[in-house]
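Take a look at the structure set out below.
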Amino acid sequence: MGLINYINNLMRNKEKNGYEYLYFMIDVHNTILVPSFDEEEQFIFYEYAKEVLQELTKRSDIKLIMWTSTYPERIGMYLQKFEEEGIHFDYVNSNPEMQNSSFGCFDTKFYFDVVIDDKSGFNAKKDWEKIWFMVLNDNKK
């Protein structure tokens, strides 16, 4: 099953599966933003990335986790820039909401439902558009 179908199934079956939230872990560079490889970040979004993240931000049933290897002293700048664009990340490189349970230990690997990262096969030039149309259709329900 591809990522788009997986997300669609998760969103469609969220209540049936008893999930209060869906946790999206999303990489910044080469996934949300076109990498500039400069000291000064250009903040050029891939097409549809900003719109998808703005829509996901509006949903009370979705939590966004920024996944990044950005130096800690620059993370605040990214969070601020994303907020200015109407994108809110609930957490950075963590999910403190999920505690250890009988089925999982989250001490060193935090919980997420969806990973959107170029390193996991996400193609930012093609896949954001697919997610955009899926989110639009889901919002019509």
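These values consider heavy atoms only, across backbone and side chains, with no hydrogens, waters or symmetry-generated copies.
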- Task: Please step through side-chain contact (heavy atoms from CB on, under 4.5 Å) for the pair Val92 and Leu79, ending with a clear verdict.
- Result: CA-CA 9 Å; Val92 178; Leu79 292 172; 3.9 Å; yes
- Query: Would Met66 and Asn93 satisfy side-chain contact (heavy atoms from CB on, under 4.5 Å), going step by step from the backbone distance to the final call?
  - Reply: CA-CA 6 Å; Met66 184 169 68; Asn93 295 335; 6.0 Å; no
- Step by step, work out the side-chain contact (heavy atoms from CB on, under 4.5 Å) result for Glu83 and Gln80. CA-CA 5 Å; Glu83 286 283 347; Gln80 179 183 343; 5.7 Å; no
- Check the pair Ile87 / Phe45 against side-chain contact (heavy atoms from CB on, under 4.5 Å), numbers first and verdict last. CA-CA 12 Å; Ile87 299 166; Phe45 286 84; 3.8 Å; yes
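Screening Val114, Val52, Leu53 for a side-chain contact (heavy atoms from CB on, under 4.5 Å) involving Ile131 leaves a single residue, Val52.
The CD atom of Glu129 sits 11.0 Å away from atom CD of Glu51, with the distance rounded to the nearest 0.5 Å. To the nearest 0.5 Å, the span separating CZ on Phe112 from CD1 on Ile116 amounts to 11.0 Å. Atom NZ of Lys125 and atom CD of Glu47 lie 11.5 Å apart (nearest 0.5 Å). Between atom CG of residue Asp113 and atom NZ of residue Lys63 there is a gap of 12.5 Å, rounded to the nearest 0.5 Å. Taken to the nearest 0.5 Å, the CG atom of Asp117 stands 9.0 Å off from the CG atom of Asn30. Annotation: the span from Leu10 atom CG to Asn5 atom CG amounts to 11.5 Å, rounded to 0.5 Å.
Between the side chain of Asn8 and the backbone N or O of Ile4, no donor-acceptor pair lies under 3.5 Å. Not one N or O on the side chain of Thr68 forms a donor-acceptor pair closer than 3.5 Å with the backbone of Val28. In terms of modelled atom types and a separation under 3.5 Å, the side chain of Gln54 and the main chain of Glu85 share a donor-acceptor contact.
Ring pair His29/Tyr78 is perpendicular by interplanar angle, where above 60° counts as perpendicular and below 30° as parallel.
Taking all atoms of both residues into account, the shortest heavy-atom contact from Asn95 to Tyr111 is ND2-O, 3.0 Å. Taking all atoms of both residues into account, the shortest heavy-atom contact from Arg12 to Glu15 is O-OE1, 4.5 Å. Taking all atoms of both residues into account, the shortest heavy-atom contact from Ala49 to Ile32 is CB-O, 3.9 Å.
Salt-bridge formation is detected for the pair Arg59/Asp61: a Lys NZ or Arg NE/NH1/NH2 atom is positioned less than 4.0 Å from an Asp or Glu carboxylate oxygen.
Ring centroid separation for the pair Phe82 and Phe43 comes in under the 6.0 Å cut-off. Taking the six-membered ring for Trp and the full ring otherwise, the centers of Trp128 and Phe122 sit less than 6.0 Å from each other.
Because its NZ or CZ atom is not both nearer than 6.0 Å to the ring centre of Tyr19 and within 45° of the ring axis, Lys14 does not count as a cation-pi partner of that residue.
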Enumerate, atom names and distances included, each donor-acceptor pair closer than 3.5 Å involving a side-chain atom of residues 20-27, sequence neighbours excluded.
| residue | atom | partner | partner atom | Å |
| --- | --- | --- | --- | --- |
| Tyr23 | OH | Glu97 | OE1 | 2.6 |
| Asp27 | OD2 | Thr31 | OG1 | 3.1 |

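Within the 4.5 Å cutoff, no side-chain heavy atoms of Ile65 are placed close to those of Phe89.
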